[in-house]
Amino acid sequence: MRIVFMGTPDFAVPSLQALIDSPHEVIGVFTQPDRPKGRGGKVQASPVKQLAQRHGIPVFQPERIRRDGVEDLRALAPDLCVTAAFGQILSQEVLDIPRLGTVNVHASLLPRHRGSAPIAWAILQGDEEVGVTTMLTDKGIDTGAMLLAKSLKRDPLMTCGELTEVLSRVGAELLLETLAAMDAGTLTPVPQDESRMTYDPMLKKEMGEIDWSQCGQDIANQILGLNPWPGCSVPWGEGRLKLLRALPAEGEGEPGEVIASGKQGLVIACGQGAVAVTQLQAPGGKAMAATDYLRGHPIPVGTHLG
RNA sequence: CGCGGGGUAGAGCAGUUUGGUAGCUCGUCGGGCUCAUAACCCGGAGGUCGUGGGUUCAAGUCCCACCCCCGCAA
């Protein structure tokens, strides 16, 4: 099939790579425009664009595909469009162009966690099962009929970033299976059960604020689910102490109070139970194990964290 | 030229202001104590102080250039 791929971040890269390695022909790639990023404000190409360019695939970066990408897409005359974390909403006009429709790779077990940050929300809500679903894109946000899905048990120590990496590879496999089944004509699109659907909003920076009156399990989920972005942190000296990795722990104390500091990491009392922060990052420093940090910067038991 | 922090033993840091013996916590190795231990005691090994140049009797420390890492802002 002649396929146009639409995607932007790292999550989309294995899917695009899988298509490139497959017998299908990737005739064009749509991705978000280059944006200033990183130190020094240099513009950077998205991971998907970088991969496409290495393979000499034409790249299109409309600000809004529904507004100024339609003609380019039409000119490519694809059989199928494949999207994976593209970051733009497709209009009906765009959806009508590919002869066989548009397949989306979504990193959740639909109909749960519709929206742009499904993996983070699965962790935030403490889901035991996570996964990827392929679906036929329609005009709504992640509302189309489901094609195939793959689920796995969530590792309760994984950060959102790590789980994203795992699921991006699962997504690539599932995409190939989906296309194969599509070719074979063995696919049966299944409408989503609207009564079970959840739509989760975009992540916001403020979500990284920690409320120590919450229970330890929830705070651990928050720390893992929001790593690497937006990240959880507490005020610390001139800057903020980033809490990168944590797990629920035993212990009692005033919420926000350090109740152990050493080999177990940095254990902080919560509204219910406690959390052991096991990886953190101080202002100006690199990420490190909490025990390593504490060797050079002891935090006495009894300290209150904001 | 967006703003800022940092690079010292395997890990995390202090020491740089005011140049003059390489220091702390931990790990590691050896020994001791203990029913036992992530505990405690004794002892040892381990460092081109990011790189290159300069100043000096003497540079981790002062000067110049460069490399690498990180935070904020976007």
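In what follows, every chain begins at residue 1, and chains take the letters A, B, ... in the order their sequences are listed.
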Find out whether Q92(A) and D138(A) are in side-chain contact, i.e. whether some heavy atom of one side chain is under 4.5 Å from a heavy atom of the other. no

Would you mind pulling out the nucleotide paired to A9(B), Watson-Crick or G-U wobble, both distances under 3.5 Å? none

Can R169(A) and E162(A) be counted as an ion pair, charged N to O under 4.0 angstrom? no

Between Q88(A) (side chain only) and E63(A) (backbone N and O only), is there a donor and an acceptor less than 3.5 Å apart? yes

Side chain Q217(A), main chain N221(A), donor-acceptor under 3.5 Å: no

Pick the P atom in C57(B) and in C70(B), then give their distance to the nearest Å. 41 Å

Starting from P on C72(B), measure out to CH2 on W229(A) and report it in whole angstrom. 11 Å

Out of curiosity, does L163(A) fall in the hydrophobic cluster containing L244(A) (side-chain heavy atoms, cut-off under 4.5 Å, transitive links)? no

For U34(B), which nucleotide in any strand shown is its Watson-Crick or wobble partner with both distances under 3.5 Å? none

Worked verdict on R154(A) versus E129(A) for salt bridge (Lys or Arg N to Asp or Glu O under 4.0 Å): CA-CA 5 Å; R154(A) 181 171 73 88; E129(A) 294 279 318; over 6 Å; no

Just how far, in rounded Å, is C1' of A74(B) from CZ of R35(A)? 12 Å

Between P of A11(B) and CD of Q281(A), the distance in whole Å: 18 Å

How far, in whole Å, is U18(B) from C26(B) if one measures between their C1' atoms? 32 Å

Given the C1' atoms of G19(B) and A59(B), what is the spacing between them in whole Å? 6 Å

With C1' as the reference atom in both, quote the distance from G20(B) to U37(B) in angstrom, rounded to an integer. 46 Å

C1' atom, U51(B) versus A39(B): distance in rounded Å? 44 Å

Provide, to the nearest angstrom, the distance between the CG atom belonging to L241(A) and the P atom belonging to G12(B). 16 Å

Hydrophobic cluster membership, with links at side-chain heavy-atom distances under 4.5 Å among I/L/V/M/F/W/Y: are L90(A) and V29(A) in one? no

Working note: S108(A) + H106(A), criterion side chain to side chain donor-acceptor pair (under 3.5 Å); need CA distance, chi angles, decisive distance, verdict. CA-CA 6 Å; S108(A) 83; H106(A) 185 76; 3.3 Å; yes

Euclidean distance, atom NZ of residue K286(A) to atom C1' of G71(B) [Å, nearest integer]: 13 Å

Using purine N1 to pyrimidine N3 plus N6-O4 or O6-N4 for Watson-Crick, or N1-O2 and O6-N3 for G-U wobble, each under 3.5 Å, what pairs with A65(B)? U51(B)

I'd like the C1' distance from G44(B) over to A65(B), given in whole Å. 41 Å

Looking at K205(A), I'd like to know whether one of its side-chain N or O atoms comes within less than 4.0 Å of OP1 or OP2 on A73(B). yes

For I299(A) and G12(B), give me the distance from atom CD1 to atom P, rounded to whole Å. 16 Å

Find every protein N or O atom lying less than 3.5 Å from an N or O atom of nucleotides 15-17 of chain B, and list the pairs.
none

Separation of G6(B) C1' from Y293(A) OH (nearest whole Å): 13 Å

What interatomic distance, in whole Å, is found between C1' of G60(B) and the corresponding atom of C13(B)? 15 Å

Salt-bridge test for K150(A) and E173(A): reply yes if a basic N is under 4.0 Å from a carboxylate O, no otherwise. yes

Is the shortest side-chain N to carboxylate O distance from E194(A) to R114(A) below 4.0 Å? yes

Which residue lies more 5' along RNA chain B, comparing D292(A) with R295(A) via nearest heavy atoms: D292(A)

Output, in order, the C-alpha distance, side-chain angles, deciding distance and verdict of side chain to side chain donor-acceptor pair (under 3.5 Å) for D127(A) and H113(A). CA-CA 11 Å; D127(A) 289 8; H113(A) 306 306; 2.6 Å; yes

With rounding to whole Å, what would you report as the distance between G31(B) and A45(B) at their C1' atoms? 14 Å

Taking the nucleotide of RNA chain B with the closest heavy atom to each, which residue, A287(A) or K263(A), is nearer the 5' end? K263(A)

In whole angstroms, how far is the P atom of G71(B) from the CG atom of L280(A)? 13 Å

Give me, pair by pair, the N or O atoms of the protein and of nucleotides 3-5 of chain B that are less than 3.5 Å apart, along with how far apart they are.
unit_1 : atom_1 : unit_2  : atom_2 : d
G5(B)  : N2     : G284(A) : O      : 3.4

If G2(B) has a Watson-Crick or G-U wobble mate with both distances under 3.5 Å, name it; if not, just say none. C72(B)

